[in-house]
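Below: the structure, in structure tokens.
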Amino acid sequence: MTDSEIERLIKLEEKRQKKAVNLIASENYVSGDVLRALGSVFTNKYAEGYPGKRYYGGNEIVDEIEELCKNRALKLFKLCNKKCLHRAKSRWHVNVQPYSGSPANLAIYSALVPIGSKIMGMSLEMGGHLTHGQKVSMTGKFWEQVPYGVSKKTERLDYEEIFKIAKKEKPAMVVVGATAYSRKIDFRKFRKIADAAGAYLMVDMSHIAGLVAGGEHPSPFPYADVVMTTTHKILRGPRGAMIFSRKIKPLGHPVSKWTLDVLIDRAVFPGLQGGPHINQIAAIAVCLKEAMSPSFKIYANQVVKNAQVLANELKKRGWRIVSGGTDTHLFLVDTWSRGISGKEASDKLERAGIIVNKNMIPFDTRRPAGPSGIRIGTPAVTTLGMKEKDMIKIAEKIDKTLK
Ligand SMILES: *Cc1c(COP(=O)(O)O)cnc(C)c1O
């Protein structure tokens with residue numbers, strides 16, 4: 001590289017990433033193939049529009065990439081037959097152009113939820129995402145959030161309570177998904193909740209998509225109307241997102257000319273975005289193929305095993321785990337129960353070479369800048385090949401560092 005300043009920083013970051021024990025639940029290490037696609041000449045190309053309907057010339061190869069990516073996406077989540085030769089016949093459509101998860105969610109709402117109406121989402125303090133209608137996010141300014149959360153006693157989703165709220169508030173969309181919830185989510189129950197409100201069911205599976213693909217978490221597809229996922233978390237692809245939608249008429253508009261997939265495609269482009277990042281779409285295609293391999297299943301399984309062992313080992317050493325454990329790739333530790341704020345804990349751990357993030361815990365009495373807990377996740381260390389015995393060592397080190 002001739003730009004030595006940037007070259008130096010890339011090298012430094014490579015070194016930092018190799019040295020640290022990365023327990024950030026939303027991070028991972030992509031393959032060389034994903035990086036190769038991301039750094040390819042596709043970044044030079046403008047391709048506003050969709051395959052076969054572009055506003056620029058020279059897109060034959062780009063069209064092939066985007067079609068291949070869409071086929072692989074539907075295939076990975078078992079939404080079309082083996083070769084995906086009859087994608088038109090699938091009941092699901094996929095859009096692979098969203099730049100990232102946040103704009104993808106904005107696209108879904110702007111396609112299906114009238115401005116000013118209600119979106120029901122898990123509140124940020126309970127483990128939801130900013131883009132599920134939180135006040136400081138534009139999604140909370142354009143739409144009104146009806147928040148829901150976990151039960152104080154079990155620290156798990158309180159489906160009965162959520163049902164009651166939905167029935168009373170009648171949101172236009174129920175959003176399911178979290179960034180800091182460690183238990184399996186029952187999508188069938190959420191379908192009933194959405195139906196009770198006459199609402200769409202949108203599942204934001206960004207955090208768990210890799211577990212769904214690997215068979216470690218039930219799939220939302222039998223129940224949801226729309227499914228969004230980022231591609232860069234357990235799924236181990238480039239930063240990016242995909243929106244899956246059912247080819248059904250909009251709720252309350254049975255004679256509409258358009259189906260959800262058409263409305264969402266239009267919301268992504270030209271509604272919110274211009275030219276898609278074709279290099280990113282190429283890299284998503286690569287990660288989707290990798291996720292179909294037998295080794296990905298083994299990885300997904302190990303991610304969960306590692307999280308469970310790590311949580312248990314910390315529990316044995318006296319640390320309170322929110323909800324008592326985990327079914328997924330992450331969990332929250334209530335460090336404040338032993339007098340250490342989440343910020344202090346994550347700073348101490350960082351100095352010891354362990355990277356986590358501070359995190360609010362349900363019913364947190366402290367502020368977001370210095371919350372009561374930390375979030376710990378195992379996708380990245382599992383990608384590096386770590387197993388149960390390594391988790392025991394990490395638990396020992398965390399315990400020693402924080403005590
Ligand atoms: C990560 C995440 C997002 C947002 O993705 P960005 O790519 O960071 O914009 C949205 N929803 C959930 C549940 C997430 O975990």
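This is a predicted model, so every value here is computed, not measured. Just so you know, ligand 1 is whichever comes first in the structure, and atom 1 is the first atom listed for that ligand.
Proximity of a side-chain donor or acceptor of Thr131 to a complementary backbone N or O of Asn105 within less than 3.5 Å is not detected. Between the side chain of Ser26 and the main chain of Lys233, no donor-acceptor pair closer than 3.5 Å is present.
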Sequence neighbours excluded and cut-off under 3.5 Å, please list the side-chain donor-acceptor pairs for residues 350-358, or say none.
from	atom 1	to	atom 2	distance (Å)
Asn357	OD1	Arg375	NE	3.2
Asn357	OD1	Arg375	NH2	3.3
Asn357	ND2	Asn359	OD1	3.2

Acceptor/donor pairs from residues 264-288 side chains to any protein atom, 3.5 angstrom cut, sequence neighbours excluded:
from	atom 1	to	atom 2	distance (Å)
Asp265	OD1	His93	NE2	3.1
Asp265	OD1	Asn95	ND2	2.8
Asp265	OD2	His93	NE2	2.9
Gln273	OE1	Tyr99	N	2.9
Gln273	NE2	Gln97	O	3.0
Asn279	ND2	Leu38	O	3.0
Gln280	NE2	Tyr99	O	3.0
Gln280	NE2	Arg239	O	2.4

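Aromatic ring centres of Phe190 and Tyr159 lie closer together than 6.0 Å. In this structure, the ring of His132 has its center no less than 6.0 angstrom from the ring center of Tyr109.
Among all protein heavy atoms, the one lying closest to atom 7 (O) of ligand 1 is Ser100 OG, 2.4 Å. The protein non-hydrogen atom at the shortest distance from atom 3 (C) of ligand 1 is His129 NE2, 3.3 Å. Given atom 12 (C) of ligand 1, the protein heavy atom at minimum distance is Asp204 OD2, 3.3 Å. Scanning all protein heavy atoms for the shortest distance to atom 9 (O) of ligand 1 gives Ser102 OG, 2.6 Å. Nearest protein neighbour of atom 14 (C) of ligand 1, counting heavy atoms only, is Lys233 NZ, 2.9 Å.
Residue contact check: His232 has heavy atoms under 4.0 Å from atoms 7 (O) of ligand 1. Close approach of ligand 1 to Thr179 (heavy-atom distance below 4.0 Å) involves ligand atoms 13 (C), 14 (C), 15 (O).
Aromatic ring orientation, Phe244 versus Phe221: perpendicular (interplanar angle above 60°, classes split at 30° and 60°).
The distance criterion of under 3.5 Å between nitrogen or oxygen atoms is met by Gly101 with respect to ligand 1.
For the residues Thr231, Thr230, Val175, Thr131, the heavy atom positioned nearest atom 5 (O) of ligand 1 is part of Thr230.
Counting heavy atoms closer than 4.0 Å to ligand 1, residue Ala178 contributes backbone atoms (N, CA, C, O) but none from C-beta onward.
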